[in-house]
Amino acid sequence: MIILVRYGEIHLKGQNRPFFERLLLNSLRDAVSGFEGVTVERGDGRYYVENFSDRDLEDIINALKKVFGVHSISPAREISKDLDSIAEEAILQMDEYILEHGRKTFKVETKRSDKRFPMNSNEISREIGGKLLDHDPELKVDIHDPGMRVFIEIRDKAAYVYTKVIMGQGGMPTGSSGKAMLLVSGGIDSPVAGYMIAKRGVRLSAVHYYSYPYTSERARDKVIDLTRILCSYAGPIDLYLVHFTDIQMAIYEKCPHQHLTLIMRRFMMRIADILARKHKLQALITGESVGQVASQTIESLMCTDAVADLPVFRPLIGMDKSEIIERAESIGTFETSILPYEDCCTVFVPKHPTTKPDIQKIEESEKVLDAEALIRDALEKTEVLHLS
Ligand code: ATP
Ligand code: MG
């Protein structure tokens, strides 16, 4: 077996195309690095994954499927370019398919990029279709809405036959669009936000604020687990763990309670911004969605934006919770996100948070704090985990 990997949007990238193709090659090689001897090579507008044992096929496909920039994947057999071999292989794969999925209507689709091959695509499809019908007279052709397709490609090097096209994530290869810092909580939203920006080719770092002893070890581990799931798509991620308790206590003791959440969120933004700039990252990412909670009204978002120098990306801004949950399920973070461990925000929630904060009033409420000292202290206690 061989695996064909197709890519999508890179096609649009003109002169930068070799750069994108190289990044994608690296990501694909990283994705299969756990399987000994597997090779990934680039050739005529796609990648070829080879030298694996059949029992690893499914795991390798699952790993490749997660690589950003991959449009689709097909496990295929490479055979010599003569009609008899192609027919024999098509029959074999049709039988395998029927065994697995039952008999369906079918269609043969041929692509011929080797124009020296003596028949054109339509002729090949017709010929192979005929041989399939001879082999299994109960089969039926449906050109317009087939239950299955047999694909044949005639390329320079060889012919390829396959029946499956597995969709990839799409997006752009990791590292092709700069770097950003994800503010990751243990909730449902922020991992999805990180996934969405990473999918556009942005390399991620992440920062998490924890409030030990008000939040448990397990809450921290949950965030580490969530970040690891993101790594399986986006490659290695540096996760900064910031001890946030002293800041929260100071806010809790000294500031008006209706402003607690917002002031806390402003401290998160400030620290994320400092860490990001220190490590040459170019943007911040949060899982906020407009109107979801009091701290996510437009007025509140203005207040948190105001303390960040870097642009703040909020890819979920126009999504409903149900849509975010659907995404979380499909990328595999949902099950972990709903584990019931306390988040630092839920420990210090005010009973009546402001929903239309006035930025001057917030700044006024904050004045009693020695922000610089609090932040310096938190940064000193910050640890970093290199996750992959
Ligand atoms: P999530 O599901 O991502 O926790 P949420 O709907 O619970 O989001 P908030 O708790 O208001 O919303 O947080 C909004 C955003 O702030 C989060 O999406 C995340 O980006 C960031 N954030 C919240 N808590 C933390 C934390 N403890 N550490 C790092 N970032 C956080
Ligand atoms: Mg949260």
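Whatever order the structure lists them in is the order used to number ligands and atoms, beginning at 1.
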* Asked: Purely on distance, is any nitrogen or oxygen of S185 under 3.5 Å from one on ligand 1?
  -> yes
* Please lay out, stage by stage, how Y7 and Y47 fare under the test ring pair (Phe, Tyr, Trp, His ring centres under 6.0 Å). => CA-CA 8 Å; Y7 46 82; Y47 297 86; 5.3 Å; yes
* Structure fact -> Counting heavy atoms under 4.0 Å, the part of V207 that contacts ligand 1 is backbone
* Structure fact -> ring-ring contact (aromatic ring centres under 6.0 Å, His included) filter on Y162, not counting sequence neighbours, yields F151
* After noting the C-alpha distance and the side-chain angles of Y240 and H208, does the key distance pass the ring pair (Phe, Tyr, Trp, His ring centres under 6.0 Å) rule? -> CA-CA 6 Å; Y240 298 89; H208 174 66; over 10 Å; no
* Asked: Which atoms of ligand 1 have any heavy atom of I188 under 4.0 Å away?
  -> 2 (O)
* For ligand 1, find out whether one of its N or O atoms is nearer than 3.5 Å to an N or O atom of M268. => no
* To do: State, to 0.1 Å, how close I324 and V192 come at their nearest heavy-atom pair, and which atoms those are.
  => O-CG2, 3.9 Å
* Could you list the atoms of ligand 1 found under 4.0 angstrom from a heavy atom of G187? => 1 (P), 2 (O), 4 (O)
* Element-labelled atoms of ligand 1 that are located less than 4.0 Å from some non-hydrogen atom of Q296 -> 6 (O), 9 (P), 11 (O), 12 (O), 14 (C)
* Between G287 and ligand 1, does any nitrogen or oxygen pair lie at a separation below 3.5 Å? -> yes
* Which of these, D370, L369, I274, sits in a side-chain contact (heavy atoms from CB on, under 4.5 Å) with I375? -> I274
* Asked: How are the rings of Y233 and F68 set to each other: parallel, tilted or perpendicular (split at 30° and 60°)?
  -> parallel
* Structure fact -> Counting heavy atoms under 4.0 Å, the part of V223 that contacts ligand 1 is neither
* State the atoms of ligand 1, each with its element, that fall below the 4.0 Å cut-off from a heavy-atom position in T286. => 20 (O)
* Structure fact -> The residue among R112, K81, R46 that forms salt bridge (Lys or Arg N to Asp or Glu O under 4.0 Å) with E153 is R46
